[in-house]
Amino acid sequence: MKRLVSIAVCFITIISIAITNINAKTTTVYYGFYGSETTVFKKKGNKLTVKVRSPIDYYKKNRLFTGKTKGKKKTFKLSKKIKYYSAEVDNHMRLYNPKSVKKGSLKKIKNSIKDAQNDYGECYIILVVKNGVASKILACFS
């Protein structure tokens with residue numbers, strides 16, 4: 001009887017470990033574009049529509065020079081708990097410097113895009129997308 005119970009407990013733990021590993025996989029991708037190239041940046045409900053003159057860059061990791069282009073128009077689904085940040089460009093081949101991230105707002109990001117369009121400075125907008133839903137929007141300044 002003890003042997004049967006121990007086999008059942010081992011079987012249950014193996015199944016629970018397998019199930020948690022399947023559910024633990026998340027995919028994080030990054031989309032980036034220049035603020036001066038942006039023509040449309042509108043939030044409506046839980047969707048963000050972006051149109052740019054040059055193609056939107058797509059990154060699988062937080063690494064510079066690994067991006068692929070994904071077209072000039074994209075609609076992103078936004079998370080209910082989306083966060084807005086400003087950051088600096090990183091010197092170590094990353095898209096942004098994680099140590100320089102500061103909280104911001106959508107209004108500040110829109111203002112930085114308008115400033116970039118008026119040649120007051122350049123900003124690079126990065127959207128962090130987890131499992132198809134945008135969870136962060138960063139405005140990176142050099």
Side-chain angles (χ1 to χ4, degrees), residues 2-3 5-142:
K2 288 182 181 179
R3 191 173 190 185
V5 170
S6 65
I7 291 172
V9 169
C10 289
F11 186 69
I12 290 171
T13 52
I14 290 171
I15 290 174
S16 66
I17 290 172
I19 290 172
T20 56
N21 286 341
I22 291 171
N23 293 337
K25 292 181 183 179
T26 59
T27 57
T28 303
V29 294
Y30 303 86
Y31 290 91
F33 52 91
Y34 286 100
S36 60
E37 297 290 321
T38 306
T39 57
V40 174
F41 189 83
K42 288 186 179 179
K43 180 184 176 202
K44 188 173 183 182
N46 66 341
K47 301 214 185 256
L48 176 73
T49 304
V50 176
K51 289 182 186 176
V52 292
R53 284 184 227 116
S54 61
I56 297 172
D57 296 324
Y58 168 80
Y59 303 91
K60 288 187 178 179
K61 294 183 179 181
N62 186 7
R63 294 276 176 229
L64 281 174
F65 309 117
T66 60
K68 298 176 182 176
T69 57
K70 283 289 183 181
K72 296 183 179 184
K73 180 183 175 185
K74 182 113 175 99
T75 302
F76 297 96
K77 185 177 179 183
L78 300 177
S79 170
K80 290 181 181 176
K81 297 179 181 179
I82 189 161
K83 306 283 182 172
Y84 303 98
Y85 298 102
S86 66
E88 294 177 4
V89 176
D90 191 39
N91 295 332
H92 301 290
M93 303 297 289
R94 288 182 281 196
L95 292 173
Y96 63 93
N97 187 356
K99 293 180 181 177
S100 70
V101 173
K102 296 177 183 169
K103 285 194 174 187
S105 66
L106 183 63
K107 188 174 183 179
K108 288 182 181 178
I109 292 174
K110 284 184 176 181
N111 288 338
S112 63
I113 290 172
K114 285 181 184 176
D115 290 343
Q117 289 170 346
N118 295 327
D119 293 331
Y120 295 127
E122 185 58 75
C123 69
Y124 191 70
I125 308 298
I126 298 172
L127 282 96
V128 180
V129 178
K130 293 184 180 179
N131 292 333
V133 179
S135 60
K136 291 181 191 175
I137 299 178
L138 295 111
C140 295
F141 302 96
S142 54

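Quantities reported herein were computed from a predicted structural model and do not represent experimental measurements.
- For the atom pair CD1 of Ile126 and NZ of Lys136, the computed distance is 10.5 Å after rounding to the nearest 0.5 Å.
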Side-chain donor-acceptor contacts of residues 31-38 below 3.5 Å, not counting sequence neighbours, with atom names and distances?
| residue | atom | partner | partner atom | Å |
| --- | --- | --- | --- | --- |
| Ser36 | OG | Glu122 | OE1 | 2.9 |
| Thr38 | OG1 | Tyr34 | O | 3.0 |
| Thr38 | OG1 | Gly35 | O | 3.4 |

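- Of the possible polar contacts, one joining the Lys72 side chain to the Arg53 backbone as a donor-acceptor pair under 3.5 Å is found.
- Checking side-chain atoms of Asn131 against main-chain N and O of Thr27 turns up a donor-acceptor pair under 3.5 Å.
- Of the inter-residue distances, the one linking Ile137 atom CD1 with Leu127 atom CG reads 4.5 Å to the nearest 0.5 angstrom.
- Looking at Thr39, its side chain does come within 3.5 Å of a backbone N or O of Lys51 through a donor-acceptor pair.
- For Lys110, the NZ atom is densely surrounded, since the number of other residues' heavy atoms within 6.0 Å is greater than 12.
- Between Tyr30 and Asn62 the shortest heavy-atom distance is CE1-N, 3.5 Å.
- Contact annotation: the side chain of Ile82 never approaches that of Leu48 to less than 4.5 Å [non-hydrogen atoms, C-beta and beyond].
- To the nearest 0.5 Å, the span separating CG on Leu106 from NZ on Lys43 amounts to 6.0 Å.
- Under the 4.5 Å side-chain criterion, counting only non-hydrogen atoms from C-beta, Tyr124 is in contact with Asp57.
- By the 4.5 Å heavy-atom criterion applied to side chains, Tyr85 and Lys103 are counted as neighbours.
- The salt bridge (Lys or Arg N to Asp or Glu O under 4.0 Å) analysis of residues 77-97, with sequence neighbours excluded, yields the pairs Asp90-Arg94.
- One distance of note links CD1 of Ile125 with OG of Ser86; it measures 10.0 Å at 0.5 Å rounding.
- Of all the heavy atoms in Lys130 and Thr28, the pair that sits closest is CG-OG1, 3.5 Å.
- With rounding to the nearest 0.5 angstrom, the CE atom of Met93 is 10.0 Å from the CG atom of Leu95.
- When all heavy atoms of Ser112 and Phe141 are compared, the pair lying nearest together is CB-CZ, 3.7 Å.
- Counting all heavy atoms, side chain and backbone alike, Val29 lies closest to Lys60 at CG1-CA, 4.4 Å.
- To the nearest 0.5 Å, atoms CZ (Phe41) and CD1 (Ile113) are separated by 4.5 Å.
- Nearest approach of Ala87 to Val101, heavy atoms of both residues: CB-CG2, 4.0 Å.
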